[in-house]
Amino acid sequence: MSSPPRRDDSSASRPPVTLMKLAEKRALGEPIVMVTAYDHPSAKAVEAAGVDIVLVGDSAANNVLGYPDTVPVTVEEMLMLSAAVRRGLETPLMVGDLPFGSYEASDAQAIATAHRFVKEAGCDAVKLEGGGAMAERARAIVRAGVPVMGHVGLTPQTATALGGYRAQGRTAARAKAVLGDALALQEAGCFSIVFEAIPAGVTDVIMEFMEVPVIGIGAGASTDGQVLVLHDLLAIHTGFKPKFVKEYAAIGEAMVEGVRAYAEEVRSRAFPGPQHSYGIAPEELQRLRAAVGSRRQTAA
Ligand code: KIV
């Protein structure tokens, strides 16, 4: 038995974040806050922190499922994680990330996968990576009734084709290609687009052409909002840290410290104390003794 999730009323007074609300924030110049979450407790935490958009990112692959990168994660795995996040969220817009191989082949495949994210996991919208032909997939999903968030620049699902995990758009020609992708997704009806790992100067130029909210990660400060991976901003993992990550807590260290302290107290018999133990009426204990005797006495 472990303790069940506790309820809190922290979001009770906030209205749900809608697509219209995001467009309004962009128009008013109010920064949009987006973060990833992959399970129920992290959903409760980001809900309580008051973020605007929660992405159940395919970065769950490397952050919680132990895969080396985002490529292997499956639709079934993403649906299970998304449904857990849904149960912890009330206010933010929830976006499910379509995994690699679940939308590229045809419009029919893209629509079928997007519908599963909405019907089975309760997502408000889905995200897909890339411009070009992917803009057509985005258009098909939007026409089928599911809001789509685009993603340009560094697109981890196809990082190999992009030359690895590196900033994109670092020459005029490549920057123009990123602009082309962003415009194609915007024209296809995406309600918002993520810009990942793009030089800030390039983002400044592209932003002049954008009419939907742009959420940046490693794309400078001129986007309409920012997104970070929860496990990066809380430093849940140690090891490689992309240049664009700022750590706001050291949760990984705190987790190790907590478990280490528990292990020490178990070994020294400091835990559990009387306050962690259940009581029994003395007469009941006496009856038990009378009924079963004492192994120590019997043996002696
Ligand atoms: O999966 C993810 O975490 C993402 C963000 C980096 C935007 O796509």
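Counting convention: from 1, in listed order, for ligands and their atoms alike.
Hydrophobic clustering (side-chain heavy atoms under 4.5 Å, transitive across Ile, Leu, Val, Met, Phe, Trp, Tyr) groups Val194 together with Val17.
Contacts between Thr70 and ligand 1 below 4.0 angstrom, taking non-hydrogen atoms only, are absent altogether. Residue contacts with ligand 1 for Ile215 are absent, since no atom lies close enough (heavy atoms, distance under 4.0 Å). Residue contacts with ligand 1, taken as heavy atom pairs separated by less than 4.0 Å, do not involve Glu129 at all.
There is no side-chain donor-acceptor pair under 3.5 Å between Glu129 and Tyr103. Remark: the Ser268 side chain and the Glu265 side chain contain no N/O donor-acceptor pair separated by less than 3.5 Å.
For ligand 1 and Lys127, the ligand atoms under 4.0 Å from any heavy atom of the residue are 8 (O). Set against the non-hydrogen atoms of His151, the atoms of ligand 1 under 4.0 Å away are 8 (O). Within ligand 1, counting atoms from 1 as listed, the ones closer than 4.0 Å to a heavy atom of Leu55 are 2 (C), 4 (C), 5 (C), 7 (C), 8 (O). Taking every heavy atom of Val229 and a limit of under 4.0 angstrom, the matching atoms of ligand 1 come to 3 (O). Contact atoms of ligand 1 toward Thr36: 3 (O) (distance under 4.0 Å to a heavy atom of the residue). Residue Glu196 approaches ligand 1 through these ligand atoms, each under 4.0 Å from one of its heavy atoms: 6 (C). Heavy-atom contacts of Gly57 reach the following atoms of ligand 1: 1 (O), 2 (C) (cutoff under 4.0 Å). Close approach of ligand 1 to Ile217 is summarised as follows: ligand atoms under 4.0 Å from at least one heavy atom of the residue are 6 (C).
Inclusion of Asp97 in the set of residues having an N or O under 3.5 Å from an N or O of ligand 1 is warranted. Between Ser59 and ligand 1, at least one N/O pair is under 3.5 Å apart. Residue contacts with ligand 1: Asp58 is placed with a nitrogen or oxygen under 3.5 Å of a nitrogen or oxygen of the ligand (distance criterion only).
Side-chain atoms of Met78 and Val56, non-hydrogen and from C-beta on, do get closer than 4.5 Å to each other.
Counting non-hydrogen atoms of neighbouring residues, nucleotides and ligands closer than 6.0 angstrom, the OH atom of Tyr165 exceeds 12 such neighbours. Remark: Glu253 CD is loosely packed, at most 12 non-hydrogen atoms of other residues, nucleotides or ligands lying under 6.0 Å away.
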| task | Could you go through the salt bridge (Lys or Arg N to Asp or Glu O under 4.0 Å) check for Lys241 and Asp232 one step at a time? | result | CA-CA 8 Å; Lys241 184 175 83 161; Asp232 289 341; over 6 Å; no

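Below 30°, between 30° and 60°, or above 60°: for Tyr38 and His231 the angle between ring planes is between 30° and 60°, a tilted geometry.
A salt bridge between Lys44 and Glu47 is absent, with no side-chain N of the basic residue lying under 4.0 Å from a carboxylate O of the acidic one.
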